[in-house]
Amino acid sequence: KFFLYTLRSPTNMDMTPKTIWEAIKKDTGIGGVMYRTPELNDVLYLHFKGFSTMGGLEEYTNVKVLWLEGNAISEIEGLENCTKLRTLYLHQNCIQDIEGLSHCPLLHTLNLADNYIKKVEGLTGLSEMHQLNLKNNRLRTLEDLQGLAECPSIGVLDLSNNVIEDREIVDKLNEWLPNLTVLHLEGNPLIKGFKQYRKNMIAKFKKLRHLDDMPIFDEERRTSEAWVAGGYEGERAERETIRREETAKRAANMKAFDELIKGAKERKRVMDEAGIEPEPTIYWLMNNGRQEEALARMAKEREQEKEAARAAGQLESDSDDEEESPEGEDQSTSSNDVEASVLPEPFLAEKDDEQPQENASPAEEDDETASRTATVTQEGASVEGVHDSSAEGEGETQTETATQEETVVREDKNDENEGIPAPPPVQRQNFTAMEDIDEDDEQPAQQAPPALKHVASASGQGKSKVVVDIDDLTVDDVEDDDYEAVD
């Protein structure tokens, strides 16, 4: 009654391009899992949509996984253009016959559980088929399963919860499916009267690794095969053999461990007697803050491995990888080129300014030396007297600013330049003497840095000159009133 109601339910609808779009449009766009363009979809989710027929898949030519679970589909059809299909989920539908799969030669997984299939057929040409699920169907006899012989590539088969009663099916499955590794037969009547079902099944299927709800381990396989060959006596003997093997294996492991410890102790004793410190391991270096040393050790070991590989002929020599340079080309790189490739442009520009000119003449060198010498001449440094204050009677002393004139004279030490007249004197800006500025007065706009010695007498008489190298001047040379601040 439920089957008929499902087929006649008004909610069922045909599977057409329009209904497919209505079903998937909410899963398209930004954040969706499908595309608006049918050809771009390799996975199509159409499960639990109420479809009663299959169709409308003509434009979905690149789909590889098709979900049609939980619909009311009664016939497999409409897969003519789905030639790249790899996985097809049709469980929980109303399918009665297996057909319409000949256009999907790459089909790998087919799930037809919870349907109304009475006979296995339509698997011809599916050479890539590996997993077939026929759980909860209506398979009963050997003839109903005859179609499995058409697909020997099946490795995972689920026939649980059917109505299979014939035990001959077990022998036929072993013959039809030589690559079977997983088999589910629970829920069928044949298991109820099958004595030692699991041992017989494991002994028959040599490649089986999982039977029903439990895996098959090597120990169980050995004991099952021993039981089939010699009964319970053979099984007990095999179990005793397995026990002895495990005991011998544990003893061998313990012996190897003891020998390893003894060897380490002997090496340590020899090194202690010879006064040799053991070399720390890379792991110890990394955990004790000596990462650089550990990395250097690792790099050294890699180089040694490469050298050993080259010696064994596994790697080509470095000379084969290097290209020969053309003749006449200088392979050496100067230090300036190296600096130019590393230093930024502003630093290079300053560095170029600091470098002396190459191939300079002796006369130019003498001019440069002479330009670094300054002759300071002070003329007419007169200091006027103190003026009396007017009506207020304040006895303040006002000192007039002494006019300073500096003349820089280039001296030529070369005999060849004796006849060349000296350049005209350079007029320097006059600055107010630092000692004449009162703290309450406004500071001048520009002050001269303390530089040259003032050698004139206190009375301002006489004319004196001093030659001071500019590089030798420091602020420490200016002390008290014996010096005057000039440019």
Side-chain angles (χ1 to χ4, degrees), residues 1-4 6-7 54 68-77 79 87-105 107-195 197-198 200-205 207-208 210-213:
K1 292 180 180 180
F2 176 77
F3 171 69
L4 295 176
T6 305
L7 291 179
M54 289 181 60
L68 288 171
E69 170 195 0
N71 289 285
I73 299 172
S74 59
E75 185 177 355
I76 304 174
E77 57 183 349
L79 299 176
T87 304
L88 179 59
Y89 295 106
L90 283 169
H91 48 298
Q92 298 180 8
N93 279 278
C94 303
I95 299 173
Q96 301 182 23
D97 299 317
I98 303 175
E99 56 185 356
L101 300 176
S102 58
H103 303 286
C104 307
L107 193 61
H108 179 273
T109 301
L110 178 60
N111 192 338
L112 293 171
D114 299 296
N115 280 280
Y116 300 93
I117 299 174
K118 296 181 179 180
K119 187 176 183 179
V120 178
E121 56 186 356
L123 300 180
T124 305
L126 302 180
S127 59
E128 300 292 330
M129 177 70 71
H130 178 72
Q131 183 173 348
L132 178 61
N133 191 343
L134 295 172
K135 179 181 178 181
N136 287 332
N137 280 277
R138 297 184 177 182
L139 302 173
R140 183 182 300 271
T141 63
L142 180 62
E143 289 75 13
D144 296 341
L145 298 174
Q146 188 70 35
L148 295 175
E150 302 175 358
C151 193
S153 61
I154 295 176
V156 179
L157 178 62
D158 191 347
L159 295 174
S160 59
N161 296 324
N162 280 273
V163 287
I164 301 174
E165 299 178 352
D166 193 353
R167 292 186 186 178
E168 190 180 354
I169 293 176
V170 175
D171 298 329
K172 290 297 182 181
L173 289 178
N174 190 24
E175 179 183 350
W176 295 338
L177 307 176
N179 299 318
L180 195 62
T181 57
V182 179
L183 177 62
H184 291 270
L185 287 175
E186 68 271 20
N188 286 282
L190 69 88
I191 297 179
K192 294 181 179 179
F194 204 147
K195 294 182 180 180
Y197 158 75
R198 186 170 180 85
N200 281 287
M201 294 294 294
I202 293 174
K204 286 183 179 295
F205 295 88
K207 294 184 179 180
L208 204 62
H210 200 288
L211 179 62
D212 295 336
D213 57 347

Least distance between heavy atoms, [X] atom then [Y] atom:
X      : Y      : result
Ser153 : Ser127 : OG-O, 3.2 Å
Leu79  : Met54  : CD2-CE, 3.8 Å
Met201 : Leu183 : CE-CD2, 3.6 Å
Glu165 : Leu190 : O-CB, 3.6 Å
Pro152 : Leu177 : CA-CD2, 4.2 Å
Cys104 : Leu126 : O-CD2, 3.2 Å

Are side-chain heavy atoms of [X] and [Y] found at a separation under 4.5 Å?
X      : Y      : result
Asp158 : Leu134 : no
Glu150 : Trp176 : no
Lys207 : Asn179 : yes
Leu211 : Phe205 : no
Thr141 : Asp166 : no
Lys204 : Asp171 : yes
Leu180 : Asn174 : no
Leu101 : Leu88  : yes

Might you work through the side chain to side chain contact (heavy atoms under 4.5 Å, CB included) test for Leu148 and Leu132, ending with a clear yes or no? CA-CA 10 Å; Leu148 295 175; Leu132 178 61; 3.7 Å; yes
Applying side chain to side chain contact (heavy atoms under 4.5 Å, CB included) to Leu145 and Leu139, what does each step give before you reach the verdict? CA-CA 7 Å; Leu145 298 174; Leu139 302 173; 3.6 Å; yes
Is the backbone N or O of [Y] less than 3.5 Å from a side-chain atom of [X], with the two atoms forming a donor-acceptor pair by type?
X      : Y      : result
Thr109 : Gln131 : no
Asn200 : Ile202 : no
Asn188 : Leu185 : yes
Thr181 : Gly155 : yes
Asp97  : Glu75  : no

Which value, rounded to the nearest 0.5 Å, describes the distance between [X] atom [atom1] and [Y] atom [atom2]?
X      : Y      : atom1 : atom2 : value
Asn137 : Lys119 : CG    : NZ    : 15.0 Å
Asp114 : Glu69  : CG    : CD    : 9.0 Å
Asn133 : Ser160 : CG    : OG    : 7.0 Å
Arg140 : Arg138 : CZ    : CZ    : 9.5 Å
Glu186 : Asn162 : CD    : CG    : 10.5 Å
Thr87  : Leu110 : OG1   : CG    : 9.5 Å

Trace of the side chain to side chain contact (heavy atoms under 4.5 Å, CB included) decision for Lys135 with Leu159: CA-CA 5 Å; Lys135 179 181 178 181; Leu159 295 174; over 6 Å; no
Report, as yes or no, whether the 6.0 Å neighbourhood of atom CZ on Arg198 holds more than 12 heavy atoms from other residues, nucleotides or ligands.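 Yes, the 6.0 Å shell around CZ holds more than 12 heavy atoms from other groups.
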Could you walk me through whether Ile169 and Leu173 pass the side chain to side chain contact (heavy atoms under 4.5 Å, CB included) test, one step at a time? CA-CA 6 Å; Ile169 293 176; Leu173 289 178; 3.9 Å; yes
Side chains of Asn115 and Asn93, donor plus acceptor under 3.5 Å: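 Side-chain D/A pair, Asn115 to Asn93: absent.
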Using only heavy-atom distances, determine whether the side chains of Tyr197 and Asp212 contain a donor-acceptor pair under 3.5 Å.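 Asp212 and Tyr197 do have a side-chain donor-acceptor pair below 3.5 Å.
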Between Lys118 and Asp144, does the salt bridge (Lys or Arg N to Asp or Glu O under 4.0 Å) criterion hold? Intermediate values first, please. CA-CA 7 Å; Lys118 296 181 179 180; Asp144 296 341; over 6 Å; no
